[in-house]
**Q** 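If you scroll down you'll find the structure; I have some questions about it.
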Amino acid sequence: MTLRLGRPAVRLRVTFGVMAFVLSLFAGRLIMLQGVDPDSYKLAASRESAKSYILHASRGAILDRNGVPLSVSEDAVAVTADPSQTRKKARDIATILHRKLPGSSYSDLLKGLVKPNSKFQYLARRVTPKVWKAIKDELTEKKLVGLYTVADPVRTHPNGTIAANVIGFVGAEGKGMAGLEYGLNTELSGEDGKAIYQVDGRGNRIPLANHTVAEPKPGVSAQLTLDRDLQWFAEKRIEQAVKQYKAEAGVVITMDVQSGEILAMANYPTYDPENPGKAAKGSVTNRALEQTYEPGSVQKVATLAALADAGLISLDTKLSVPGVYPVNGVRVKDHWDHGTLKLTMAGVMAKSSNVGTIMAAQTMPKAQFVDYLHKFGFGEPTGIGFPGESKGRLPPGDEWSELSRSNVAFGQGLSASAVQMAAMVNSIANGGTYVPPKLVKDFIDANGVATPAESDPSRRVVSEDAARQVTTMMEAVTGEGGTADLARIPGYRVAGKTGTAQQVDPKAPAKGYTKWATSFAGFAPADKPRFATYVVLQNPTNGRSGGLQGGPVFRDVTSYALQKYGVPPTGAASPKVPLSW
């Protein structure tokens, strides 16, 4: 049978059939859109007309122990462009931005403004509200469009360079690059949020259109143990000493004896944390924790404390100290020429006799000596939580020759940081208990709730009696006949120890010991210790004496702390102990 389309009835039936088929296709599609998988199609449509923006979290502040801001974030914006809107007037816009943003690159701005196939480009970061207003006013005047802003806080330092080596700095992307800004970056940064807006065909936000916002979570603030005023004074004082004695660098640390909290951690040279790119080489380093060196005679405090705790020496111990003492074929001498001296242990400490220290140290087995040194914190990180902290070097005892043991006894052959040395001396001031040094006191959230920073537990290193005996020996150092009369503080009993040690130049290790480090450590009041202070100068070239160079810095910084915190003299006199017999 042949179908004849020329007949009206047939044509009508075919037309209705085609229409029914087309309508069935539309119906099926509608069912898919509204019934079977509506969400996926809705999402796809929204993606085509949505634009996302990062909502930067506010960075937590870094505060001193009294809440004084040392590093904070202030309002600023990132300038962005929609190249689909700025492309035609890119040169005019780039000219305005280049003129208003010192240090900007005209060519880079222009590239961002004409970027093909893009509706979002960063042009400048951390622009102050004042600068952005000037830019916006000129753009408006010239009817130039397509620039936008998002929040982008800038890091500032209300107290200038104070504690810069401790605090560190923040890079262009808002992340910590050095110091505590780097070490605590996760806590300080918080979590960025995100906003997704409906936009029109030109990329503009549609008023009242649906949008999704994931709010940013602000970072927590870190409250340090540092005292801004004491930190400032310590920095000025060590700068003065470095310049006076033409040293390469210097460090001062002051600790609260019982809590282990560091009230001052001063470094010189230092730098401006808002312009780290202009910092001189090495000036960004926190030498107090990152640099290690052979500590010299301050180490004798640990050696004699260990011997006293083991019952091998006491204040009554008497030694005949020769001018030259052979150890494994090496002739060891003191820093001054002398014949045989009849010294008490207080005299060995007060005169800083290497020979007397070696003679006493040889009565203790090496393994036992090493164990004491580990308890004092040598060869171990302090747990202070500072990035780049060095644990120093303490060779295992089974590697020691008799000469190595002798060298370590008076501070050569091992290395330590200034904080390790301060914590060691502080343990004597604290009655023989080692308190881990603390630099971060609390973390404070956006609601002002403070959470104490975690710290390691304290540990007993030597007995109270051993610490008391060594304290008496250290008082002899600042007394008549000692090596540090310049460290005395009028009205207060002062316990101290000088140090002068040869150093290997890290730039020319093959040349051996060609440099020096001079130091002084002590605490006051000696009979009721409140503050322990450690001073070190690296390679002074205008004189070489721990008592002469470090003692006055110790005196001034510790005096400042005693006065600020209202610590009165105890009124007691230092004990009179014989230095010789």
Side-chain angles (χ1 to χ4, degrees), residues 64-66 224-234 237-238 251-266 288 298 301 305 376-377 382 384 418-439 441 455 458 460-462 464-479 484 486-497 519-535 550-575:
D64 90 331
R65 66 184 299 108
N66 299 308
L224 308 187
T225 61
L226 299 181
D227 180 306
R228 187 269 312 269
D229 297 337
L230 182 60
Q231 177 75 20
W232 172 83
F233 184 82
R237 191 61 185 85
I238 195 62
V251 168
V252 181
I253 297 165
T254 296
M255 295 178 65
D256 182 284
V257 168
Q258 293 188 354
S259 69
E261 293 180 352
I262 295 177
L263 303 177
M265 183 182 283
V298 174
V301 173
F376 273 118
T382 65
I384 204 168
V419 171
Q420 286 176 314
M421 295 304 297
M424 179 273 289
V425 172
N426 190 75
S427 65
I428 302 301
N430 200 36
T433 298
Y434 179 93
V435 183
K438 300 178 182 67
L439 187 56
K441 185 179 179 69
S455 61
S458 301
R460 179 158 291 283
V461 182
V462 299
E464 290 186 20
D465 181 64
R468 188 162 44 245
Q469 290 190 63
V470 172
T471 296
T472 300
M473 297 178 194
M474 294 174 69
E475 283 195 76
V477 173
T478 61
L486 294 178
R488 298 174 189 168
I489 300 174
Y492 293 86
R493 289 172 59 176
V494 174
K497 184 68 193 80
S519 58
F520 186 89
F523 50 88
D527 51 334
K528 194 175 180 180
R530 178 66 192 278
F531 302 115
T533 298
Y534 179 76
V535 182
V553 179
F554 163 88
R555 176 196 65 213
D556 295 345
V557 173
T558 306
S559 294
Y560 188 100
L562 291 167
Q563 292 172 19
K564 177 170 184 183
Y565 286 87
V567 181
T570 59
S574 296

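Bear in mind the structure is a predicted one, so any value in this text is a computation, not a measurement.
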**Q** Before you tell me yes or no, could you show the steps for Y534 and V298 under side chain to side chain contact (heavy atoms under 4.5 Å, CB included), namely the whole-Å CA-CA distance, both residues' side-chain angles and the distance that decides it to 0.1 Å?
**A** CA-CA 10 Å; Y534 179 76; V298 174; 4.2 Å; yes
**Q** Go through the structure and list residues passing side-chain contact (heavy atoms from CB on, under 4.5 Å) with A476, not counting sequence neighbours.
**A**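 A350, V577, L579.
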**Q** Quick check: closest heavy atoms across A264 and Q231, and the distance to 0.1 Å?
**A**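 Of all heavy-atom pairs spanning A264 and Q231, the closest is CA-OE1, 3.3 Å.
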**Q** Test of understanding: with side-chain contact (heavy atoms from CB on, under 4.5 Å), list the residues that count as partners of A487, not counting sequence neighbours.
**A**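 Testing A487 for side-chain contact (heavy atoms from CB on, under 4.5 Å), a comparison that skips the adjacent residues, returns T478, A484, F520, F554.
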**Q** Does T471 have any side-chain hydrogen bond (donor to acceptor under 3.5 Å, both in side chains) partners at least two apart in sequence or in another chain, and if so, which?
**A**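 Residues passing side-chain hydrogen bond (donor to acceptor under 3.5 Å, both in side chains) with T471: none at all.
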**Q** Holding to side-chain hydrogen bond (donor to acceptor under 3.5 Å, both in side chains), I want the full list of residues that pass it with R488, two or more places apart in sequence or in another chain.
**A**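 Counting only residues at least two positions away or on another chain, R488 forms no side-chain hydrogen bond (donor to acceptor under 3.5 Å, both in side chains).
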**Q** How far apart are the closest heavy atoms of R493 and A573, and which atoms are they?
**A**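 Reported closest heavy-atom pair: NH1-O, 3.4 Å.
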**Q** Please name all residues satisfying ring pair (Phe, Tyr, Trp, His ring centres under 6.0 Å) with Y434, sequence neighbours left out, ordered by chain then number.
**A**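 With neighbours one apart ignored, the set is empty.
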**Q** Who passes ring pair (Phe, Tyr, Trp, His ring centres under 6.0 Å) against Y492, sequence neighbours left out?
**A**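 For Y492, no residue satisfies ring pair (Phe, Tyr, Trp, His ring centres under 6.0 Å) once neighbours in sequence are set aside.
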**Q** For S574, enumerate each residue passing the side-chain hydrogen bond (donor to acceptor under 3.5 Å, both in side chains) test, keeping only those at least two apart in sequence or located in another chain.
**A**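 In terms of side-chain hydrogen bond (donor to acceptor under 3.5 Å, both in side chains), with neighbours along the sequence ignored, S574 is linked to E475.
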**Q** Using side-chain contact (heavy atoms from CB on, under 4.5 Å) as the criterion, point out the one residue from V557, L486, V535 that pairs with P552.
**A**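 Passing option: L486.
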**Q** P437 and T382: which non-hydrogen atoms are nearest, and at how many Å?
**A**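 It is CG-CB, 3.8 Å.
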**Q** Going from CG on L224 to CG on N66, what distance comes out if it is rounded to the nearest 0.5 angstrom?
**A**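 CG of N66 is found 11.5 Å from CG of L224.
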**Q** Any non-hydrogen side-chain atom of P568 less than 4.5 Å from a side-chain atom of K528?
**A**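 SC-SC contact between P568 and K528 ruled out.
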**Q** Taking only distance into account, with no hydrogens and no angle test, what donor-acceptor pairs under 3.5 Å do side-chain atoms of residues 419-427 form with protein atoms, sequence neighbours excluded?
**A**
| residue | atom | partner | partner atom | Å |
| --- | --- | --- | --- | --- |
| Q420 | OE1 | S417 | N | 2.8 |
| Q420 | NE2 | G377 | O | 3.3 |
| Q420 | NE2 | E380 | O | 2.8 |
| Q420 | NE2 | K391 | O | 3.0 |
| N426 | ND2 | V257 | O | 3.0 |
| S427 | OG | M424 | O | 2.5 |

**Q** Calculate, to the nearest 0.5 Å, the distance between atoms OG1 and CD1 belonging to T558 and I489 respectively.
**A**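 Answer rounded to 0.5 Å: 5.0 Å.
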**Q** Hey, what do you get for OH (Y560) to CH2 (W232), rounding to the nearest 0.5 Å?
**A**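 That separation rounds to 6.5 Å.
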**Q** Residues two or more places apart in sequence or in another chain: which of them pass side-chain contact (heavy atoms from CB on, under 4.5 Å) with R530?
**A**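 Checked R530 against side-chain contact (heavy atoms from CB on, under 4.5 Å); matches are D256, P525, Y565, V567.
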**Q** Scan for salt bridge (charged side-chain N to carboxylate O under 4.0 Å, His left out) pairs involving residues 560-570, sequence neighbours excluded, and state none if there are none.
**A**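 As it turns out, the salt bridge (charged side-chain N to carboxylate O under 4.0 Å, His left out) pairs with a partner in residues 560-570, which skip direct neighbours, are D227-K564, D229-K564.
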**Q** Quick one: side-chain hydrogen bond (donor to acceptor under 3.5 Å, both in side chains) partners of T570, sequence neighbours excluded?
**A**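 Listed in chain order: D527.
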**Q** Sequence neighbours left out, what passes side-chain contact (heavy atoms from CB on, under 4.5 Å) with T225? Give chain and number order.
**A**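 Applying side-chain contact (heavy atoms from CB on, under 4.5 Å) to T225 gives R65, E261, I262, K438, L439, K441.
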**Q** Kindly give the heavy-atom pair with the smallest separation between A532 and F523, and that separation in Å.
**A**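 A532 and F523 have their closest heavy atoms at CA-CB, 3.9 Å.
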**Q** Look up atom CD in Q469 and atom CD1 in I428, then write down how far apart they are to the nearest 0.5 Å.
**A**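 Q469 CD to I428 CD1: 11.0 Å, rounded to 0.5 Å.
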**Q** Give me the atom names and distance for the closest heavy-atom approach of G431 to A467.
**A**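 So the two residues come closest at C-CB, 3.6 Å.
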**Q** Could you report the tightest heavy-atom contact between A288 and V251, atom names first, then the distance?
**A**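 Looking at all heavy atoms of both residues, the shortest contact is CB-CG1, 3.7 Å.
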